[in-house]
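To find a chain, count down the sequence lines: A is the first, B the second, and so on, and within it residues start at 1.
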Amino acid sequence: MSAEELVSLGAQAAAQALASGQIAAHELYEIYRSRAAADDLNCFTWVAEQTPAPPAASPLGGVPLAVKDLFCTEGVPSQSGSRILEGYLPPYTATAVERLLGAGACLLAKTNQDEFAMGSSNENSAFGPVLNPWDRSRVPGGSSGGSAAAVAAGLTPWALGTDTGGSIRQPAALCGIVGFKPTYGAVSRYGMIAFASSLDQAGPLTRDVTDAALMLRHLIGYDECDATSLDFPGEIALPTAERLDGVRLGVPEELTGEGIEAGVLAAFHATLALAEQLGATVEPISLPHAAHALSAYYVIAPAECSSNLARFDGVRYGMRTEAAGDLTEMYTRTRHDGFGAEVKRRIMLGTYALSSGYYDAYYGRAQCVRTKIVEDFRNVFADVDFVVTPTAPSVAFPLGSKTADPLAMYLNDFCTVPMSLAGIPAISIPCGLALPPEDRNVTEAASGGGLPVGFQIAGPAFSENRILETAFALEQAIGFDGGTVRA
Amino acid sequence: MTTTYEPVIGLEIHVQLLTRTKMFCGCELSFGEPPNTRTCPVCLGLPGALPVANAQAIHFGLMIGLALDSELAPRSIFHRKNYFYPDLPKGYQISQYDEPLCRGGRLADVRIHRVHLEEDAAKLVHVGASGRIHASDASIVDFNRGGTPLAEIVTEPDLHSPEQAGQWLRLLRATLRHLGVSDVNMDEGSLRCDANVSVRPEGSRELGTKTELKNMNSFRFLERGIRAEIARQEGILNEGGRVVQETLHFDPGSGEITSLRSKEQAHDYRYFPEPDLAPVAVSETMLAAARQAMPELPSARAVRLQDSLGLSAESAHLLAFRPELGDYFEQALQSSPDSTPSAGAQAQALANWVTGELAKRLAPEESPADSKVSPEAITVLSQMAAEKQISVGAARQVLDRLVAEGGDPRTLVEQEGLAALDGGDELRQIVRAAIAANADAAQRVRAGNPKATGPIVGYVMRETKGRADGAEVTRLIAELLG
Ligand SMILES: [Zn+2]
């Protein structure tokens, strides 16, 4: 097989080719290693220097894997995109990574991300922004931007990311790939450098739905090292559905109206029409508290992060700024120098929200909203099988266009945060291209057809298999071609 | 005229639990291992590490709750207590806050406010002259202790003197030791005590402003510290001053009390529910297991020893509150032959031997079970003395030998020829000889002075090496001189 042919194989196809002996693991790995090493999108914070020994017979048989920087990988830099952890080499490997390596995946690279997963554009990385392979003047989304761009650009067959409020789904949408956030608790968080513990969840970023199912199959399961992890009922199957007969899709009015770019809405509605052709019914539904989800999220996540990031104090590992004065000065200087602006902003927000006298008004209130959102979803899932929305309100936006306006940046998570607060699984699949608003006067042909739009499908807890089947059927009908950016 | 004040004292006790592993990780507890050898990503607070609650610690917490007659919460939660300090690797301590494992309860005349579980901090050593963190050249951290499970027991302010506080803490310690949930050793820090102290004019119902005395690491310092703080507060009030709510340090060396921080400087710990842990849901199975594991508590044991064995209140109390004596006593009792009509008297006699003569011969906190005297031996000895097979004096000699080298009292009595002389001819001959040798004394006894028998009895005891029964000797003297 030629190099182009090898790179064109998805993870599942590569695993099959490896198992049948059509291709050799070291050959595949070396092709990806050289592609990753030559990356000019700034997708990676570390790329392997050597080809590992080919694994013994295993389900993934040596398929290369890129892993988001925030997963601890023994002896390999794990910095969560932060200066404060620059060069940090953990003494242990995260359970999620361990499981994939145990199934035969080979660690190829660590991917760039927003610092401590706080961001929606990957511009908050201490190691520089990642460029979107569809348009290098634009962001890949975040916080798993390096993972998404690397998969889209064919620098890795697939990648492992994390999603707190949309950090897998939104970059997947902006890069034209598939991203899956599993049910909270389905994948162990042990060894993931935490952002917001009650929301963080690991999941796949892949070229197609089949690959997402394959990675998920090897990720899920109870881990005795994570007290919030859960036993997944059954196994993840590779999807085969061609029709959607009897499937009821609910379209929440709150997440599909104002604030969403026209091109994105058009692609979303075209996909709904396609779903109906496959036999699905589409119904309007209401998530009455969804409008408050973003506000609740931006209290809960900062509150948890203000505490989670307290351990970065310069005492035991990571960066330390030596200070002439006392201990407090060492703490202050280290954290001043080590954290970026967005991380500091959220630590301050969270510290304030948890302070005595403010706790009830902010953290307490936000938890009430969260409960309401959980109830909203429970109510709608009595009537529909899935809730569908555009994944992100816009296509990839220009680098630097939102960095000065945090609130505008936070709106990127508008459609993904409600599912995170509810702890339910959701996938984003590419559903077409749309022109960005500033290019409306340009013809489609002149702009190369536009930028990818993501279609989000969310289901009740542990409905992973049903979501994958639905997404697979739609994927086949949509026929999205992401191959152009890999070339 | 100066006002008389009534002290009001409440205690906060931290107890290191004797679980196999730490509170939130799989590291075994440390007992003097080299620094930082009992650590893992979790108790070092490494990035990505997550806590998992120790089921045995929860089990011990429930046992403490049962022993203190507390209400056990069917659902309790862990919170994060956030503050920066080098002995706290995560920047927060996982503790329980407004939903503790146990609420309320009582031990003797002191009400319990709550019992909750948390993790211990690591150990900081300040290198340099002062030994305090300020002005030290460097500080080094040993994380072996970090993450050790702690139960924090908080009393209501029901204590009213330093002595009462000390006494009650001893009772709590005996109870916890008996449960087997902790070493409860103040020197080694497995039992640590803070005291909340306030004073109020005698007769007043209102509570005065309290101060918190930190970390008094012995019973003596606890009592001295509280005494000093009461005196300090009374002094302030007598001069028309106002007690300030603050945290204080008592220096047992100088007897001085210094302020650690005032209420205005108090931390805002920003407590919030620990999102990495699920709530502790106490199941019926867990409750049953805790009940099953409960040993008989000292107060219940005292009642049982008194009621069913007929022991005196004093003996029963001694045996119950020094479980090492109680356990040994009950084991000894089991080795005695089946109950006889005089079983009650025998049990009391045995109790006397264990709590008196034997305890006297052991080191202060030594358990008789660790001595060379087997429970069977003390039973046999007690019976031989009760049945006058040997005299009390001879029995004491035998006990000396048993403590020194162990063995069977019967063999010892035989080897040493210590068997009691009965009222037969042999003893009668010796008494005759004694009277002959002490003619003066005999004369005075005949003249009606019974106390004058002393030299005659002494002679007999010397001759018989203490084997003679004192009462029998007196009877024989009276008969022969009568
Ligand atoms: Zn540990």
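Comparing A:Leu70, A:Leu309, A:Asn308, A:Asp200 by how many heavy-atom pairs each has under 4.5 Å with chain B, the most go to A:Asn308. The candidate with the highest count of non-hydrogen atom pairs below 4.5 Å against chain B, out of A:Thr228, A:Val315, A:Leu199, is A:Thr228. Heavy-atom pairs under 4.5 Å with chain A peak, among B:Ala53, B:Ala49, B:Cys25, B:Ala278, at B:Ala49. Across A:Ala310, A:Ser307, A:Cys72, the residue that shares the most heavy-atom pairs under 4.5 angstrom with chain B is A:Ser307.
Heavy-atom distances place no part of A:Pro90 under 4.5 Å from chain B, backbone and side chain included. Proximity to chain A is limited to the backbone of B:Tyr271, based on heavy atoms less than 4.5 angstrom apart. Heavy atoms closer than 4.5 Å to chain A are found in both the backbone and the side chain of B:Phe272. Residue A:Tyr358 does not touch chain B at all, counting heavy-atom pairs closer than 4.5 Å. Proximity to chain B (any heavy atom under 4.5 Å) is restricted, for A:Phe312, to the side chain, taken from C-beta onward. In this structure, chain A has a heavy atom under 4.5 Å from the side chain of B:Asn82, while its backbone stays farther away. Neither the backbone nor the side chain of A:Gln367 comes within less than 4.5 Å of any heavy atom of chain B.
Scanning all heavy atoms of the two residues, the minimum distance from B:Pro47 to A:Tyr88 falls at CD-OH, 3.5 Å. A:Arg316 approaches B:Gly45 most closely through the heavy-atom pair NH1-O, 3.8 Å.
Using a 4.5 Å cut-off on side-chain heavy atoms (C-beta onward), A:Tyr317 and B:Pro89 make no contact. In this structure, the side chains of A:Tyr363 and B:Pro273 come closer than 4.5 Å at one or more pairs of heavy atoms. Here the side chains of A:Ser197 and B:Arg80 are in contact, with some heavy-atom distance below 4.5 Å. Using a 4.5 Å heavy-atom threshold, the side chains of A:Tyr190 and B:Val42 count as touching.
More than 12 non-hydrogen atoms from other residues, nucleotides or ligands lie less than 6.0 angstrom from CZ of A:Phe232. The number of heavy atoms from other shown groups lying within 6.0 Å of OH (B:Tyr97) does not exceed 12. Atom CD of A:Glu329 sits in a crowded spot, with more than 12 heavy atoms from other residues, nucleotides or ligands closer than 6.0 Å. The environment of B:Glu33 atom CD is dense: over 12 non-hydrogen atoms of other residues, nucleotides or ligands sit within 6.0 angstrom. Annotation: A:Arg365, atom CZ; neighbour count of heavy atoms from other residues, nucleotides and ligands within 6.0 Å does not exceed 12.
Atom OG of A:Ser356 and atom CG of B:Asp268 lie 4.0 Å apart (nearest 0.5 Å).
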Requested in this report: Apply side-chain contact (heavy atoms from CB on, under 4.5 Å) to A:Arg311 and B:Tyr92, showing your working.
Outcome: CA-CA 8 Å; A:Arg311 67 187 61 194; B:Tyr92 53 86; 3.1 Å; yes

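Within residues 343-354 of chain A, the residues having any heavy atom under 4.5 Å from a heavy atom of chain B are, by residue number, A:Thr351, A:Leu354.
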